[in-house]
Every structure is written in C-alpha cells, then in structure tokens.
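Contents: one structure, followed by commentary.
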Amino acid sequence: MAAGEVKLDDSWKAVLGAEFSKPYMQALKAFLSAEKAAGKHIFPAGSEYFRALDLTPIDEVRVVILGQDPYHGAGQAHGLCFSVRPGVRVPPSLVNIYKELKSDLGVEPPGHGFLEHWAKQGVLLLNSVLTVEEARAASHQGQGWETFTDQVIRAVNEECEHVVFMLWGSYAQKKAAFVDRSRHLVLTAPHPSPLSAHNGFFGSRHFSQANAYLEAKGYRPIDWQLSRSIPDESMG
C-alpha cells in the first residue's frame, strides 16, 4: 500500500504519506490481500477506504466525529462513520444522532443516513478501523488501522487550529485523549447507541456548541440539515 496508489486527497498525502511505507501498513495491506484472496467480502469497497479523508481535506477540517468500525452489512458502509448509503435503513445510533440534532437545533431528520453533506463542509467522519469483513463485527481490529487513524488525529491536532472534537463513548474519548484542549474544543458524551444514548448523549447539545465555537473563531457554522433528496452523484 504505497501512497501513490491510494485514492486520497493530496493534503492528507502530504502529512500521512510516510505512513504507507511503514511496516505496519505493509502488514495491513498483506492482511487485506489475503482476506480478499480467501473470498471474503470486505467493506467498504477499496476505493472508499479513505473516503472520509478524501471528502474532507486536512486544511478544511472543522469538526471531528470518531466512530469505531464500518458497518458490516452488505451495502451499508461507504467510508464515513455513522453514515450509510442512500436507500439503506438508518442505523439506530444515527437515528439517535438525528433526535439530538432536532432537540438541539430543530434540524429535521432527512429520512436517510447519507452524511456526505457534512463531510464536504469540514466534518471529518473518521472510523478508528477502516475495513471490516461482512457479517463479522470488529473483525479487522488490531491489524494496523488503529495506528494509522491515530496519526490522522495527531495530524489534525498539530496542523489545524480551533477544531471541534465530538467524542461519543469511552472508545472515542480514549483514542483522542491526547488532543490539545487549549487549541481545540473537545466535547464528550456517551455513545449515541440505544444502549447508552439516554445516559447523557441526549441533551448534550454538541451541535449547537460546535457551531457557536466555530463562529466565535471566525469560521462558518456547519449546516447540519441534510437534504431529503439525495444528489444523483451520491449513487455511484
């Protein structure tokens, strides 16, 4: 997995390019190749492993939302945490994210779970692990992706100013524990999963806090409202 063969925005290649030649990434590439050679179905598609980074160049990052693993059902994952392809049922955690958005900002749920509109405004929707085997949750943990995404977070922490980190659940909070809180806004809450959302995710008002912070720093707020109709180009 060399930087030159990866579909990745040039701004990220500039800060992460050296990672692709490191032993852990070579081992990860070998693991993925072996899994595919064994006939296993891997999600998302190879062209979408780095979709979150490709849609949100590092110099445009304003908000970071961390997930853990891609969805492992066919047709769901497309490279953005919490997001699913058009036409796919909205997953329970995202249903709860929409509920909090409506409570916080009056944003109406769009009836789909396709979040590219957020990513294109500077919301980095980053999973910790970027691939998964079909129907086997967490099957690619511990293969090297976590090291790579640690470097992504480290790059945002060091290269960007005044980014809002929305850390939902203990996993995300531990992963980004090193973020400089004097330089960025770090918001923490329980995970929006149905198992934990009622423990403090609901009522956390992260979306309005994020926009107030961005505006105070001279940035445009995020338009969290998603269109009820999906643009044609998203269907590819």
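Everything numeric here is computed off the predicted structure, so don't read it as measured data. Positions are given from 1 along the sequence.
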Main-chain N/O of [Y] paired with [X] side-chain donor or acceptor, under 3.5 Å:
{"X": "His162", "Y": "Tyr213", "result": "no"}
{"X": "Asp104", "Y": "Ser208", "result": "yes"}
{"X": "Glu215", "Y": "Pro221", "result": "no"}

Between [X] and [Y], which heavy-atom pair has the shortest distance, and what is it?
{"X": "Ala189", "Y": "His206", "result": "CB-CE1, 3.6 Å"}
{"X": "Glu108", "Y": "Lys102", "result": "OE2-NZ, 2.6 Å"}
{"X": "Pro194", "Y": "Pro92", "result": "CG-CB, 3.5 Å"}
{"X": "Glu146", "Y": "Ser128", "result": "CG-OG, 3.6 Å"}
{"X": "Cys160", "Y": "Ile58", "result": "SG-O, 3.3 Å"}
{"X": "Thr131", "Y": "Pro44", "result": "CA-CD, 4.4 Å"}

Joint hydrophobic cluster, [X] plus [Y], side-chain heavy atoms closer than 4.5 Å:
{"X": "Leu16", "Y": "Val179", "answer": "yes"}
{"X": "Val164", "Y": "Leu55", "answer": "yes"}
{"X": "Leu124", "Y": "Val129", "answer": "yes"}
{"X": "Phe201", "Y": "Phe165", "answer": "no"}
{"X": "Met166", "Y": "Ile97", "answer": "yes"}

Please assess Lys99 against Phe202 for the test side chain to side chain contact (heavy atoms under 4.5 Å, CB included), listing each intermediate value before the final yes or no.
CA-CA 8 Å; Lys99 287 179 180 177; Phe202 291 137; 3.9 Å; yes
Does a side-chain heavy-atom distance below 4.5 Å link [X] with [Y]?
{"X": "Glu116", "Y": "Arg51", "value": "yes"}
{"X": "Asn211", "Y": "Trp224", "value": "yes"}
{"X": "Trp145", "Y": "Leu32", "value": "yes"}
{"X": "Phe178", "Y": "Ile153", "value": "yes"}
{"X": "Glu100", "Y": "Arg205", "value": "yes"}
{"X": "Ser204", "Y": "Leu187", "value": "no"}
{"X": "Val64", "Y": "His184", "value": "no"}
{"X": "Leu126", "Y": "Thr56", "value": "no"}

In chain order, what residues pass the salt bridge (charged side-chain N to carboxylate O under 4.0 Å, His left out) check against Asp150, with sequence neighbours excluded?
Lys175
Taking atom NE2 of His41 as the centre, does the number of heavy atoms from other residues, nucleotides or ligands within less than 6.0 Å exceed 12?
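It does not: His41 NE2 has 12 such atoms or fewer within range.
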Counting only heavy atoms not in Arg183, do more than 12 sit closer than 6.0 Å to its CZ atom?
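Above 12, so yes.
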Could you measure the distance from the [atom1] atom of [X] to the [atom2] atom of [Y]? Nearest 0.5 Å is fine.
{"X": "Ser33", "Y": "Leu28", "atom1": "OG", "atom2": "CG", "value": "9.0 Å"}
{"X": "Asp54", "Y": "Trp12", "atom1": "CG", "atom2": "CH2", "value": "11.0 Å"}
{"X": "Leu53", "Y": "Ser11", "atom1": "CG", "atom2": "OG", "value": "8.5 Å"}
{"X": "His117", "Y": "Gln225", "atom1": "NE2", "atom2": "CD", "value": "8.0 Å"}
{"X": "Lys29", "Y": "Tyr24", "atom1": "NZ", "atom2": "OH", "value": "14.5 Å"}
{"X": "Thr149", "Y": "Leu66", "atom1": "OG1", "atom2": "CG", "value": "8.0 Å"}

Does this structure show an ion pair linking Glu35 with Arg136, if we count only N-O contacts that are shorter than 4.0 Å?
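Result for this pair is no, no salt bridge flagged.
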Pair Lys40 + Glu134, salt bridge at N-O below 4.0 Å:
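No, this pair does not count.
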Given the rule in the ring-ring contact (aromatic ring centres under 6.0 Å, His included) test, do Tyr171 and His191 qualify, once you have shown the distances and angles that lead to the verdict?
CA-CA 9 Å; Tyr171 184 92; His191 195 277; 9.6 Å; no
Which pairs with one or both residues in residues 59-81 pass ring-ring contact (aromatic ring centres under 6.0 Å, His included), sequence neighbours excluded?
His78-Phe114
Donor + acceptor pair across side chains of Gln121, Asp223 (<3.5 Å)
no
Would the Trp168 and Phe82 ring centres measure less than 6.0 Å apart?
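Under 6.0 Å, so yes.
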Tell me if the aromatic rings of Phe20 and Tyr49 count as close, with their centers under 6.0 Å from one another.
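No - the distance between ring centres of Phe20 and Tyr49 does not fall below the 6.0 Å cut-off.
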Enumerate the side-chain hydrogen bond (donor to acceptor under 3.5 Å, both in side chains) contacts for residues 88-97, please, sequence neighbours excluded, ordered by first and then second residue.
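Applying side-chain hydrogen bond (donor to acceptor under 3.5 Å, both in side chains) to every pair that reaches into residues 88-97, excluding sequence neighbours, yields nothing.
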Does the side chain to side chain contact (heavy atoms under 4.5 Å, CB included) test come out yes or no for Ile42 and His140, once each step is laid out?
CA-CA 10 Å; Ile42 308 300; His140 289 185; 3.5 Å; yes
